[in-house]
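Predicted model only: the values in this text are computed from it and were never measured. The figures that follow rest on heavy atoms only: side chains count, while hydrogens, waters and symmetry mates do not. One is the number of the first residue; the rest follow in order along the sequence.
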Amino acid sequence: VTLLYIWYTMMINFIIVLCLFQCTSCFHLSNKGVRYHQVQVSEIPTVKSVIVEVENIGCHISKIICGILIALTLHPSESRAQVYTPSIQLTATKDNQGKNIGNNDDSAIFLKGLISGSVTRASKELILHPIDTIKSRIQTIAFNETMSPGLLYKDVFNGLLPALVGGIPAGAIFFGVKDFFKSFLKGFNANNNLNWALNKDEITIISVILANIPYWILRTPSEVLKTKEQIDMTSPSTSSSPTIQRIKSVYAAGGLTNVLQYLYGSYSSNFIYALPADIIKFIAYEKLVLRLFQKESGGKLEGLEAAVAGALAGMVAQISTTPLDVARTRIMAAQKDDMTPSSTSIKAQSPDQKELFRQANPFTEVVNIYEKEGVSGMFVGLGPRIVRAFASGAVQFASYEITQ
């Protein structure tokens, strides 16, 4: 264990050094901000612009990787801060206008994020669950033999209980972690002695990546159970909950291991879908807030202002990631309660070629949907998805800003 820890520490520090070297070779700070070094290439404008753009993308990626490693390894205390900044404490600081850049009360930031996140998630689920149910049914109706168009609008609150039970704590964790790391990295930016800094978009990307990891650990089981209840119209009406029946059935088929595979088999597909969606949404929100209301991110917004910017940002994010949402919904829907092998793809396969649900790949599923149904299949359910995205963005950011 000691040897593994030493190896892990050496590798982390080696990667940090490489990233810092890449960043410092690509960027230097001036009074006006970050400038790119001139690239000595051919005078052909097209070639020069392509090479400069590739270099810029590489620098951004290196900075994001380095920022993630710093966020995971640097503790916001004086002793750890001195490893990077010997003469500067990593605590709350103010810029020239007296505005707080970082916050020395990390627990308060995390707690506010927990409260805002739980209120946001509860509001979204209670208000928008019927639209989400219709969207899920439209996306799966093409291959779900038990579903018929006549059942599309029936019992639209099916699956609300698992959505609330798993979604509220997951939403709390997401915003708590995101807000904590966002404040932490802003403080690091203000206090480090390095000749580079993370820009606002890079800080947002890093915070969203780190927040999505625990978020989907908590939410994936409830998302699976919610989706199954939304699209399963054949469960008999009994006194016991369909969710409890489903878990009992999975447990009887293979014990606890089977239950874990059933509940977490779609973690990767959910994470892969949510990551670009959330990155686009939060960056678009910050840009819209600045453009529409001339307010910096972090400034106090009125509920209506946040709703407008959030609605537009949510639509952009959700429309652009619809194919991944269709794929992950069908992956979850294709899972059998008895864990028997079943194809998660619409593409016809022989029984011995069918993969278990936990082995499904969302990118492969998108390709299979395209081959079978074309572009229209990749964007099935886009109508209710746009409606939900507009309302979801408005509710999410309005409730978040109000509770801050």
Side-chain angles (χ1 to χ4, degrees), residues 125 128-129 131-147 151-152 155-156 158-167 170 212 215-235 241-247 249-251 253-254 258-275 277 318 321-347 354-369 373 377-378 380-381 384-385 388:
E125 293 294 350
L128 304 173
H129 188 81
I131 302 176
D132 183 68
T133 299
I134 295 170
K135 183 268 300 181
S136 297
R137 290 174 179 174
I138 291 175
Q139 289 178 340
T140 59
I141 198 171
F143 73 101
N144 189 342
E145 296 178 355
T146 65
M147 180 67 65
L151 299 175
L152 189 61
D155 298 328
V156 291
N158 281 2
L160 179 60
L161 181 59
L164 290 172
V165 171
N212 262 295
Y215 174 74
W216 282 107
I217 290 176
L218 289 177
R219 190 182 167 192
T220 296
S222 65
E223 189 72 3
V224 172
L225 296 171
K226 178 199 76 172
T227 302
K228 294 293 290 184
E229 286 195 27
Q230 286 175 327
I231 66 172
D232 186 6
M233 307 299 296
T234 62
S235 298
S241 167
T243 297
I244 296 176
Q245 292 181 40
R246 187 165 283 113
I247 293 177
S249 175
V250 175
Y251 181 82
N258 236 24
V259 173
L260 293 176
Q261 291 174 350
Y262 180 86
L263 296 178
Y264 282 99
S266 62
Y267 176 87
S268 60
S269 60
N270 280 310
F271 183 84
I272 290 170
Y273 148 74
L275 196 57
Q318 297 302 318
T321 56
T322 295
L324 287 173
D325 182 57
V326 176
R328 67 140 188 159
T329 301
R330 293 187 178 185
I331 287 172
M332 289 186 290
Q335 172 59 25
K336 303 297 183 182
D337 292 348
D338 58 0
M339 292 296 290
T340 56
S342 63
S343 173
T344 60
S345 168
I346 299 175
K347 186 178 181 181
K354 293 180 180 180
E355 295 181 336
L356 286 175
F357 166 72
R358 64 179 181 274
Q359 297 171 327
N361 184 319
F363 297 111
T364 302
E365 182 66 21
V366 170
V367 173
N368 290 333
I369 292 171
E373 303 175 54
M378 297 169 59
V380 66
R385 185 167 165 78
R388 185 186 185 282

For the CD atom of Gln139 and the CD1 atom of Ile231, what is their distance to the nearest 0.5 Å? 10.5 Å
Chi angles and distances behind the side chain to side chain donor-acceptor pair (under 3.5 Å) call for Gln230, Asp132: CA-CA 9 Å; Gln230 286 175 327; Asp132 183 68; 2.9 Å; yes
So, do Thr220 and Phe271 sit near enough that their side-chain heavy atoms are less than 4.5 Å apart? no
Show the numbers, then the answer: is there a side-chain contact (heavy atoms from CB on, under 4.5 Å) between Arg330 and Asn368? CA-CA 12 Å; Arg330 293 187 178 185; Asn368 290 333; over 6 Å; no
Shortest non-hydrogen contact between Ser269 and Ile331, atoms and distance: CB-CD1, 4.0 Å
Below 4.5 Å, heavy atoms only, C-beta onward: do Arg328 and Glu365 meet side chain to side chain? no
Do you know which two heavy atoms are closest between Thr322 and Val380, and how far apart they sit? CG2-O, 4.5 Å
Any side-chain heavy-atom pair of Ile134 and Arg388 under 4.5 Å: no
From Thr243 atom OG1 to Lys226 atom NZ, the distance as rounded to the nearest 0.5 Å: 12.0 Å
State, to 0.1 Å, how close Val224 and Ser266 come at their nearest heavy-atom pair, and which atoms those are. CG2-OG, 3.3 Å
Main-chain N/O of Pro221 paired to Tyr264 side chain as donor or acceptor, under 3.5 Å: no
Got Asn212 and Tyr215 here, is their nearest side-chain heavy-atom distance under 4.5 Å? yes
So Tyr262 and Leu225, side-chain contact (heavy atoms from CB on, under 4.5 Å) or not? Walk me through it. CA-CA 10 Å; Tyr262 180 86; Leu225 296 171; 4.1 Å; yes
Partners passing side chain to side chain contact (heavy atoms under 4.5 Å, CB included) against Leu161 (at least two apart in sequence or in another chain): Val165
Does any N or O in the side chain of Ser249 come within less than 3.5 Å of the main-chain N or O of Gln245, such that one atom is a donor and the other an acceptor? no
Under the rule for salt bridge (Lys or Arg N to Asp or Glu O under 4.0 Å), what residues qualify as partners of Arg219, not counting sequence neighbours? Glu223
Flag side-chain contact, heavy atom, 4.5 Å: Arg385 against Thr321: yes
Please report the interatomic distance CG(Asp325) to CD(Gln318), rounded to the nearest 0.5 Å. 7.0 Å
Shortest non-hydrogen pair, Gly166 vs Ser222, comes out as CA-OG, 3.5 Å
Rounded to the nearest 0.5 angstrom, the CH2-CG distance for Trp216 and Leu275 is 11.5 Å
Measure the shortest side-chain to side-chain distance between Val250 and Leu263 over non-hydrogen atoms and say whether it is less than 4.5 angstrom. no
Find the distance between NE2 (His129) and CG (Leu164) and round it off to the nearest 0.5 Å. 8.0 Å
What are the two closest heavy atoms between Leu152 and Arg137, and how far apart are they? O-NH1, 3.0 Å
Which is it for Val366 and Val326 under the side-chain contact (heavy atoms from CB on, under 4.5 Å) test, yes or no, and what are the steps along the way? CA-CA 8 Å; Val366 170; Val326 176; over 6 Å; no
Flag side-chain contact, heavy atom, 4.5 Å: Asn270 against Met332: yes
Contact summary for Ala163 and Glu125, nearest pair of heavy atoms: CB-OE1, 3.5 Å
